[in-house]
There are 2 protein chains.
Amino acid sequence: MISGKFAITIHILTLLTKFPNDYLSSEFIAGSINLNPVLVRKEIANLKSHNVVESKEGKNGGTKLSVDPGKITLKEIFEMTFETINLGYAKNQPNPDCPVGKKINQNLSALYADMNQKVSLQLEGISLEDFSNQF
Amino acid sequence: MISGKFAITIHILTLLTKFPNDYLSSEFIAGSINLNPVLVRKEIANLKSHNVVESKEGKNGGTKLSVDPGKITLKEIFEMTFETINLGYAKNQPNPDCPVGKKINQNLSALYADMNQKVSLQLEGISLEDFSNQF
DNA sequence: TATATTTGTAACATATTTTATTACAGTATG
DNA sequence: CATACTGTAATAAAATATGTTACAAATATA
């Protein structure tokens with residue numbers, strides 16, 4: 001199972017891009033995603049820690065972008081919400097006495113690193129603004 | 001959480017490639033992966049349904065490759081064990097009355113489709129033999 | 001032919017991760 | 001001062017992944 005973190009974060013950021021002059025409440029955002037507002041606030045907390053958005057507490061509070069959506073790319077958003085692209089690893093440590101077991105994770109890592117590089121290149125070419133303009 | 005299906009399957013196939021003349025038992029394979037033999041047999045069942053390996057039941061039974069490891073690529077193995085590369089979707093159906101909610105999954109899908117194409121291209125260039133030769 | 005070994009598979013149990021809910025303190029607005 | 005927000009912790013529920021037990025069926029070989 002893949003967590004919805006990236007998708008949720010993109011959704012939030014797209015909304016903020018569409019309403020650049022408003023502080024949007026977590027409740028409003030949650031209504032669009034169809035998600036619990038607390039979970040929205042958690043993703044917003046993550047975005048805040050990366051200085052991508054800023055929030056205002058109290059009545060009429062909410063969140064707005066604090067970066068130019070033309071200047072931030074999906075790659076950066078990806079990195080804030082996802083470790084790396086990969087096709088998984090077996091859960092347990094493989095047998096170090098087997099030549100295959102000894103190197104399997106290392107070789108998978110190398111494969112996945114290449115994948116990440118390719119995906120990163122793709123995501124780097126798409127700004128938040130680009131993505132938002134599709135709506 | 002990403003399931004270890006792909007990693008486990010690659011591990012199995014690498015072992016089979018390394019011992020092309022033997023029927024390897026699920027117990028032996030499980031010992032290298034450090035995994036329950038039943039789970040190994042489940043992945044083998046999947047490989048059998050794709051005609052990649054063949055098994056012999058009974059004493060001294062086991063599994064061996066039924067394809068040329070130089071002729072099968074990681075892309076094919078990927079497709080047998082993984083649906084698609086993606087960065088996830090929010091769990092619930094988004095609000096169709098919101099312009100963003102209405103199109104978010106469609107736009108994410110398009111993004112992920114591009115990702116898959118790039119990754120597929122990479123995996124297509126690596127045969128099982130190539131991968132196994134790293135050990 | 002009897003025994004031992006192995007696959008195939010179902011049923012069930014446990015562990016882990018993801019999502020949801022409740023609760024409430026703190027803060028700003030009007 | 002009442003209202004409407006954020007921030008965050010604690011807990012619960014749901015979904016998925018992994019592990020275990022059990023046993024029928026198959027087959028080599030002694």
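Chain naming here is simple, since letters A, B, ... match the order of the sequence lines and numbering starts at 1 in each. Reckoned from all heavy atoms, side chains included, excluding hydrogens, waters and symmetry mates. Just so you know, these numbers come straight off a predicted model, no measurement behind them.
Heavy-atom nearest nucleotides on DNA chain C were determined for A:K56 and for B:K91, and the one closer to the 5' end corresponds to B:K91. Mapping A:G58 and A:G4 onto DNA chain C by nearest heavy atom places A:G4 at the nucleotide closer to the 5' end. If you find the closest nucleotide of DNA chain D to A:G61 and to A:A45, the one lying nearer the 5' end belongs to A:G61.
In this structure, A:E57 places its CD atom 9 Å from P of D:dT6, rounding to the nearest Å. Note: OH (A:Y23) to P (C:dA28) measures 12 Å, nearest angstrom. Computed from coordinates, the B:R41 CZ to D:dT18 C1' distance equals 15 Å when rounded to whole Å. For the pair B:E54 CD and C:dG8 P, the computed distance is 12 Å after rounding to whole Å. As rounded to whole Å, 12 Å separates atom P of D:dA17 from atom NZ of B:K42. The separation between A:L39 atom CG and D:dA10 atom C1' is 14 Å, rounded to whole Å. Atom-to-atom, NZ of A:K59 to P of D:dA4 comes out at 6 Å; the value is rounded to the nearest Å. Rounded to an integer number of Å, the gap from OH of A:Y89 to C1' of D:dA17 is 18 Å.
Put simply, B:S3 has no side-chain N or O that comes within less than 4.0 Å of OP1 or OP2 on D:dA17. Remark: A:N60 is not in phosphate contact with C:dA28, judged by side-chain N or O atoms under 4.0 Å from OP1 or OP2. Between A:N36 and C:dT21 there is a side-chain N or O to OP1 or OP2 distance below 4.0 Å.
For B:K5 and B:E43, the salt-bridge test passes: some basic side-chain N is under 4.0 Å from an acidic carboxylate O.
Across all strands shown, B:T63 has no heavy atoms under 4.0 Å from either base or sugar-phosphate atoms.
What you find for B:F131 and B:I126 is that their closest heavy atoms are N-CG2, 4.2 Å.
B:T63 and B:S55 form a side-chain donor-acceptor contact under 3.5 Å, judged by distance and modelled atom types alone.
No side-chain donor-acceptor contact under 3.5 Å links A:T84 to the backbone of A:N86. When atom types are taken as modelled, the side chain of A:N116 and the backbone of A:I85 share a donor-acceptor pair closer than 3.5 angstrom.
Comparing D:dA22, C:dT22, D:dG7 by their nearest atom to the side chain of B:V38 picks out D:dA22.
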